[in-house]
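Please read these numbers as outputs of a predicted model, since none were measured by experiment. Excluded from the calculations below are hydrogen atoms, water molecules and symmetry mates; all remaining heavy atoms, backbone and side chain alike, are included.
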Amino acid sequence: MSLEAFLHNLHFDIEKASPPNWEVDWDDAPLTYKLYRDLPVFPLSLEVPLTLEGESGRSKQDLEGIGHFLWYAYGLTQVSQVPRSSESEDLMQSFRRFPPSGGALYPSELYVYLKIEGLPAGVYHYDAAHHRLVLLREGNFDSYVTKALGGTIDMSSCFGTVFISTMFWKNFYKYNNFSYRLQGLDAGVLLGQLLEVAKRFGIAAGVCFQFLDRAINHLLGLSEEEESTYAAIPLSAEPSWRFREERSMDRPVTSTELLLELKGIQPEHYVRSQRIREFPMLTKMNEASMIESTQSFRRIHPKNGTESEGKIVALPIVKRLSYDLATVCRKRFSPEMDFILGKVSQSQLAALLQEATASFSYRNDLDGTYGNNGNRVSLYACLYNVEDIQDGAYHYDSMTHSLRQIQPGDHRLLLQYGMSLDIMNFQQVPICIHVVGERDHSKTQLGYRGYRIQQMEAGMLVQKLLLASSALGMNGHPLLGFDVNMCDELYKIDGPQRKTSLIQIPIGHYLSRPWLKGSLHS
């Protein structure tokens, strides 16, 4: 299968992306977290703060502070038990984290390069299972990381860098090739959570989507047949920290050059699975997405959107939401048949859409500043029973804080028919949001890496929506099992606009779920 056909099937014809006879070996499932063996470990404080309100001042650059930051970003926070089926008495147990993950499989891993008090400078893995750091390499790697990120970062002004990787097998064992789409979204949701937590700890953070993959994987000791880096997030205590507008290097650098600067490492780790099957399409896509030279780094120029016709609905002016992130994260879950139809006020809808898009603005290496990233992914919504707004399909314009009506009417039944599995009743859902992006996923400028970046940005926006909905007393459930072509036709984006629906998020009020769950914090 060609890479083009593979990506097309992942999005528009899911059943063709994976073999029809795929059987999941549940008994040989991998762990949802990576465990290293026989390496120095540094325990992190278990006395995590129980509230995270507002934005704090300059962060405290020590082991305790970084431990709290990592736990809220990706630590194990909850153990839950639910029945395997309505007829079964068996309980299925899982460990949860604050950001959601497809099937609760958490294919992403966190690595950190740190230069902080109370810890040897070096590269670490965040061991979520034990809430500790595992030392992979000791030393100062400012020069190496600076070159691998293309010279847009002054690493001397950063106390650390987080690297988000994907372990392919962790969800391939269940979803086969469809896991490639999930992996990008999962990494993006984690990015969204990490950036939101960074604000609460007074950390200035940015996202590097472009880097020399093999050089970073080499630094972390990753085998690219098993795991690869998806994003790098520099961390600074300086509020005014920014990406450089011009690269500091006087010539391009390649992965081949950087590999010679560091000795390779192959630290032993444990995944539990005894039989790991091959995933050739994932490794093929990963290799095709890699960047070998900093000469290939690009800035993205936003496309001018095509104005669609339709009635404009101005939304009420509302203040930005102010909430305790810790409480909102604990309340967040993904309802299914738990949704109950309740009235949504116009101000609640306005606050949801405004907060999601405003908090999505972030530093990155694609446009270098805050202003342009909203053009790559945007929000469309089907609304029902929202106060003083006609039922229908709409596009949200974050610049004017208004809705443009595309098709009036109650579209809940259409959305229900578009579901591949009947896991929820859309008659109980007042808001169904679709994150929309370009059909060509910036391939002309970014090649196959553009698809991965688009999925990550969609995941980031999804997490902002989920946090905002939880803060408003509602919840949302991200879904990929929906009819993309039907939704694109509904929003009239399948023609000249060349856009497509990336993910679907029903949002609304809900009932408490009958499950046993316990928090894993003091």
Side-chain angles (χ1 to χ4, degrees), residues 192 196 302 304-323 328 339 341-362 370-412 415 426 428-437 457-458 460-478 487 490-493 497 499 501-510:
E196 203 63 36
N304 294 323
T306 303
E307 287 291 333
S308 56
E309 298 179 355
K311 181 176 68 175
I312 302 296
V313 179
L315 292 173
I317 303 301
V318 291
K319 293 182 179 180
R320 287 284 303 274
L321 293 179
S322 177
Y323 57 87
V328 162
F339 280 113
L341 188 62
K343 192 77 174 178
V344 176
S345 69
Q346 206 178 117
S347 60
Q348 284 178 309
L349 177 67
L352 172 69
L353 297 174
Q354 175 181 274
E355 183 62 28
T357 51
S359 60
F360 175 66
S361 186
Y362 68 105
Y370 277 101
N372 299 327
N373 45 66
N375 291 281
R376 291 190 290 272
V377 286
S378 55
L379 298 180
Y380 287 68
C382 288
L383 305 178
Y384 175 81
N385 201 36
V386 177
E387 177 189 35
D388 295 330
I389 295 182
Q390 183 182 5
D391 298 344
Y394 293 85
H395 169 236
Y396 175 62
D397 186 339
S398 59
M399 298 298 292
T400 60
H401 188 50
S402 64
L403 296 170
R404 182 184 294 273
Q405 188 182 75
I406 301 170
Q407 294 212 47
D410 178 1
H411 302 298
R412 292 175 300 160
L415 294 171
F426 269 89
Q428 302 295 324
V429 176
I431 303 169
C432 184
I433 291 181
H434 291 85
V435 177
V436 167
E457 288 206 308
M460 293 170 70
L461 187 50
V462 164
Q463 181 64 358
K464 304 300 185 179
L465 282 164
L466 296 178
L467 293 174
S469 63
S470 179
L472 289 164
M474 298 184 284
N475 257 317
H477 188 148
C487 292
L490 173 65
Y491 292 123
K492 300 180 181 179
I493 56 176
Q497 292 194 52
K499 293 184 177 181
S501 307
L502 302 174
I503 189 167
Q504 174 174 280
I505 312 101
I507 294 173
H509 300 285
Y510 57 94

#### Entry: Nearest heavy-atom neighbours spanning L467 and V328
O-CG1, 3.4 Å
### Message
Let me confirm one number: the SG-CD1 distance from C432 to I505, rounded to the nearest 0.5 Å.
### Response
7.5 Å
### Task
Mind checking the CD1-OH spacing from I312 to Y394? Nearest 0.5 Å is all I need.
10.5 Å
### Message
I389 vs L315, test: side chain to side chain contact (heavy atoms under 4.5 Å, CB included). Steps then yes/no.
### Response
CA-CA 10 Å; I389 295 182; L315 292 173; 4.0 Å; yes
### Summary
Residue set satisfying side-chain hydrogen bond (donor to acceptor under 3.5 Å, both in side chains) with S402, at least two apart, ordered chain then number -> T400
## Note on the structure
Minimal heavy-atom distance between T357 and L353, with the atoms involved, is OG1-O, 2.8 Å
### Query
Among all residues two or more places apart in sequence or in another chain, which pass the side chain to side chain contact (heavy atoms under 4.5 Å, CB included) test with H411?
C382, A393, Q407, L490
### Message
Under the criterion side chain to side chain contact (heavy atoms under 4.5 Å, CB included), I'd like the reasoning laid out for Y380 against K499: C-alpha separation, chi angles, the key distance, then a yes or no.
### Response
CA-CA 11 Å; Y380 287 68; K499 293 184 177 181; 4.3 Å; yes
### Task
Decide if atom NZ of K319 counts as having more than 12 heavy atoms of other residues, nucleotides or ligands within a radius under 6.0 Å.
no
### Message
Suppose we screen for side-chain hydrogen bond (donor to acceptor under 3.5 Å, both in side chains). Which residues come up paired with Q348, at least two apart in sequence or across chains?
### Response
S345
### Query
Listed by chain and number, what are the ring-ring contact (aromatic ring centres under 6.0 Å, His included) partners of Y323, not counting sequence neighbours?
none
### Query
Which atoms form the tightest heavy-atom contact between A381 and I433, and what is the distance?
CB-CG1, 4.0 Å
#### Entry: Partners meeting side-chain hydrogen bond (donor to acceptor under 3.5 Å, both in side chains) with H401 (sequence neighbours left out)
Y396
### Summary
In terms of heavy-atom contacts, G476 and L466 come closest through O-CD2, 3.6 Å
### Summary
Smallest heavy-atom separation, G508 atom then M474 atom, equals O-CB, 3.2 Å
### Message
Checking L403 against L349 for the side chain to side chain contact (heavy atoms under 4.5 Å, CB included) test, could you report, in this order, the C-alpha distance in whole Å, the side-chain angles of both residues, the deciding distance, and whether it holds?
### Response
CA-CA 11 Å; L403 296 170; L349 177 67; 4.0 Å; yes
### Message
Within the 4.5 Å heavy-atom criterion, are S501 and I493 side-chain neighbours or not?
### Response
yes
### Query
Between E457 and V377, what is the shortest heavy-atom contact and its length?
O-CG2, 4.2 Å
### Message
Measuring only between side-chain heavy atoms, which start at C-beta, is Y491 closer than 4.5 Å to H395?
### Response
no
### Query
Within a strict 4.5 Å, meaning less than it, do heavy atoms of the L352 and V344 side chains meet?
no
### Task
Please confirm whether the backbone N or O of A468 pairs with a side-chain atom of E355, one donor and one acceptor, at under 3.5 Å?
no
### Query
What pairs meet the side chain to side chain donor-acceptor pair (under 3.5 Å) rule with one or both residues in residues 460-471, with sequence neighbours excluded?
Q193-Q463, E196-K464
#### Entry: Side-chain donor/acceptor of Q405 to backbone N/O of G392, under 3.5 Å
no
### Task
Look at the side chain of Q428 and the backbone N and O of L341, then say whether any donor-acceptor pair between them is shorter than 3.5 Å.
yes
### Task
Output, in order, the C-alpha distance, side-chain angles, deciding distance and verdict of side chain to side chain contact (heavy atoms under 4.5 Å, CB included) for Q504 and L415.
CA-CA 10 Å; Q504 174 174 280; L415 294 171; 4.0 Å; yes
